[in-house]
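Reading through the C-alpha cells given below for one structure.
Every chain is numbered from 1 and lettered A, B, ... according to where its sequence line falls, protein lines coming before strand lines.
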Number of protein chains: 2
Amino acid sequence: MSIRVTVATVIFTIRDRALHVLLVKRGVPPFQDEWAIPGGFTKENESLDESALRELREETGVKDVYLEQLYSFGDLRRDPRGRVVTVAYFALISQDRATLEPGTDAVEAQWYPMNDLPQLAFDHGDILSYALVRLRNKLEYTTVGFQLLPSRFTLPELQLVYEAILGRNLDKRNFRRKIESLGILRPLNAWSKESQRRPARLYNFAAAKFEKLKDKGILFPF
Amino acid sequence: MSIRVTVATVIFTIRDRALHVLLVKRGVPPFQDEWAIPGGFTKENESLDESALRELREETGVKDVYLEQLYSFGDLRRDPRGRVVTVAYFALISQDRATLEPGTDAVEAQWYPMNDLPQLAFDHGDILSYALVRLRNKLEYTTVGFQLLPSRFTLPELQLVYEAILGRNLDKRNFRRKIESLGILRPLNAWSKESQRRPARLYNFAAAKFEKLKDKGILFPF
DNA sequence: CCAAAAGTGTTAGGAGTACACCCATGG
DNA sequence: CCATGGGTGTACTCCTAACACTTTTGG
C-alpha cells in the first residue's frame, strides 16, 4: 500500500529579458545524462514542502525562494522503475538570488531559456508545461511577478517580467497606470543607473498594502 | 522511502437551494464514528484519479462525476497512524445523479449542508475549506457551475447554483444577460413545470461553443 | 546634438452595476 | 383576480485599450 513519493520543483527566473527554468542533468539511470526538473524522494521526517526546498538546495544550491505546490502526478507508467507519485512545485526567484552555488550537488544544474529547452526525462515536459500555464494565470490575479525581481526595481523592469512571462508586449502607459493604481509600490528617492540612458526610478514592493486588496479578485488584467 | 498515499474527494452538490457536501462516517479507528471526506488508500495498479473515483463509488455509490485534483496534503502529523500523504480531489455532481446507492460501503454516507457541518476527522476540515475556495474561484472563470445541474435546466436554476456557492444574491437581469452573452446555452422548445407558477424555459449547455471562448480569460465575473 | 529609454494624458468603447415594471400561470 | 416567480431595457460608471509626444541622459 506504500508508494514511492518524489517532489519536483519547476523554478523560474528572468535572465537576459527572458523566462528561464532551472534543470539538472541526471547522473544515474533511468534517463542518465538527460535533463530533469530538480527533485527527489521525500524523506520520512519532512513535509512535502520541506522536501521540495531541501532537494532544491542540495541539487542546485538555490534557496530563499517563493514556493507553491503545483499538482501531483500519479499515472502508473510515468517512471520506468515502477509506481512513483510526484508532487510538483513551482518556485520563483530573482536573478540576484539565483546564482548556483558550487560545492553542492549542483555540478550539472543549468538555467535554460523556456524557448530553447532540451529533451526532458520522465514526464517532466508535461510538468513544465503545466507550471508555465499556472505561472501565467497567477500573474494575472496575484503579485507573484514581484518574486522575480530584487527588492528594489524599476517599472520598466517590472513590465519586462510581465512581458517575458506572457510572451507579448504591453502598453507602457497602461501598465504603469494599472500598477500605480494598486498602491502597492513605494517610490524610493533613488534611480537605477542600469541603462546607459535616462535613469529609471526605483520602487519597493509594499506587500502590507496589498493584503487589503487580495479578495477583490483579479488584480492584473493584462 | 515509501509512503502511504491516500486520496480524498470533496464532492459537492446543490440540494434544497443550498450547497451540500458528501461525508462518510468512519467505521474504524482512528476517529471512529466521526465524519470524514470519502477516500482511502491508493492501490498499486491504479492512478490517483482512478483511486479517487473508485473510493467514491465504493464508499458512497456515487459515480459519473466531474473530478478535478485539488491539492496534496503532506504534513507530518496529520494522521495519528504515522506519515500519510493525501491527494485531495474536488468533485461536482447534479442532484439527479447524486443518489446514494444502497448495497455499497455507503451505509453511513450522508449529504451535509455546508453551513451545518459536523466535526471532521483528521485535517479534513482544512481540506474542505480549501475545496470551497477553489470551487468559488473556478465558478468565476470556468463553466463548472453547469456540472451541478441536470442536462436540461432553467436560468433561474442556474442562478441558484451561483448564489448558493457564492453565498450572495445576484441581479437576475445582469445574470441572464451575462450568461446569454456567452452563447453557450441552447434554448429548448420546452418549459419546466417545477415551479407552480409561470413555467421557465429549459436550456442545454452547449459545451462545444464554449471551447472557443476558453482562453479569453475570466468568463463569470460575479 | 543625436540616440535611446523614461515618463506622461486623453479618448472611445465595452463591461459591470443598479434599478422597476410587465407577463404567464395556478389556485 | 391575485399571488408568485419568469422575463425584459436603460442609464451611469468604471475599466480597458489604443495612441504620440516630451524629458533626461550618455556619448
Worksheet item: Roughly, in whole Å, what's the span from CG in A/Leu202 to P in C/dA6?
Response: 12 Å

Worksheet item: Rounded to the nearest Å, what distance is computed from the CD atom of residue A/Gln159 to the C1' atom of nucleotide C/dG7?
Response: 12 Å

Response to the item:
In whole angstroms, the gap separating C1' of D/dT23 from CH2 of A/Trp191 amounts to 14 Å

Practice prompt. Check whether the side chains of A/Arg97 and A/Ser94 place a donor and an acceptor atom closer than 3.5 Å, and report yes or no.
Written response: yes

Worksheet item: Which residue pairs satisfy the side-chain hydrogen bond (donor to acceptor under 3.5 Å, both in side chains) criterion with at least one member in residues 120-129 of chain A, sequence neighbours excluded?
Response: A/Arg78-A/Asp123

Discussion item. Would the base of D/dT23 count as contacting A/Arg198 through its side chain, where contact means a donor and an acceptor less than 3.5 Å apart?
Written reply: yes

Practice prompt. Specify the separation, in whole Å, of atom CD1 of A/Ile179 and atom P of D/dC15.
Written response: 15 Å

Response to the item:
Between CG of B/Leu155 and P of D/dG7 the distance, given in whole Å, is 7 Å

Discussion item. Using a 6.0 Å cut-off, check whether atom CZ of A/Arg136 has over 12 heavy atoms from anything other than its own residue.
Written reply: yes

Worksheet entry | Spacing of A/Leu170 atom CG relative to D/dC15 atom C1', expressed in whole Å | 16 Å

Item to complete: May I ask you to say whether A/Arg26 pairs ionically with A/Glu108, meaning some side-chain N is under 4.0 Å from a carboxylate O?
Response: no

Discussion item. Looking at A/Lys178, I'd like to know whether one of its side-chain N or O atoms comes within less than 4.0 Å of OP1 or OP2 on D/dA17.
Written reply: no

Item to complete: Counting heavy atoms from C-beta on, name the nucleotide in D/dG6, C/dC19, C/dA3 closest to the side chain of B/Lys172.
Response: D/dG6

Discussion item. Classify B/Arg177 by what it touches in the nucleic acid, base, sugar-phosphate, or nothing, heavy-atom distance under 4.0 Å.
Written reply: base

Item to complete: For B/Arg176, report the nucleic acid contact type (base, sugar-phosphate, nothing); a contact means any heavy atom under 4.0 Å.
Response: base

Response to the item:
What one should report as the nearest heavy-atom pair of B/Gly74 and B/Val85 is CA-CG2, 4.2 Å

Practice prompt. Could you check how far CZ of A/Arg201 sits from P of D/dT23, rounded to whole Å?
Written response: 18 Å

Discussion item. Could you tell me how far apart B/Arg168 (CZ) and C/dT17 (P) are, to the nearest whole angstrom?
Written reply: 8 Å

Worksheet item: For DNA chain D, whose closest nucleotide is more 5', that of A/Lys193 or that of A/Asp171?
Response: A/Asp171

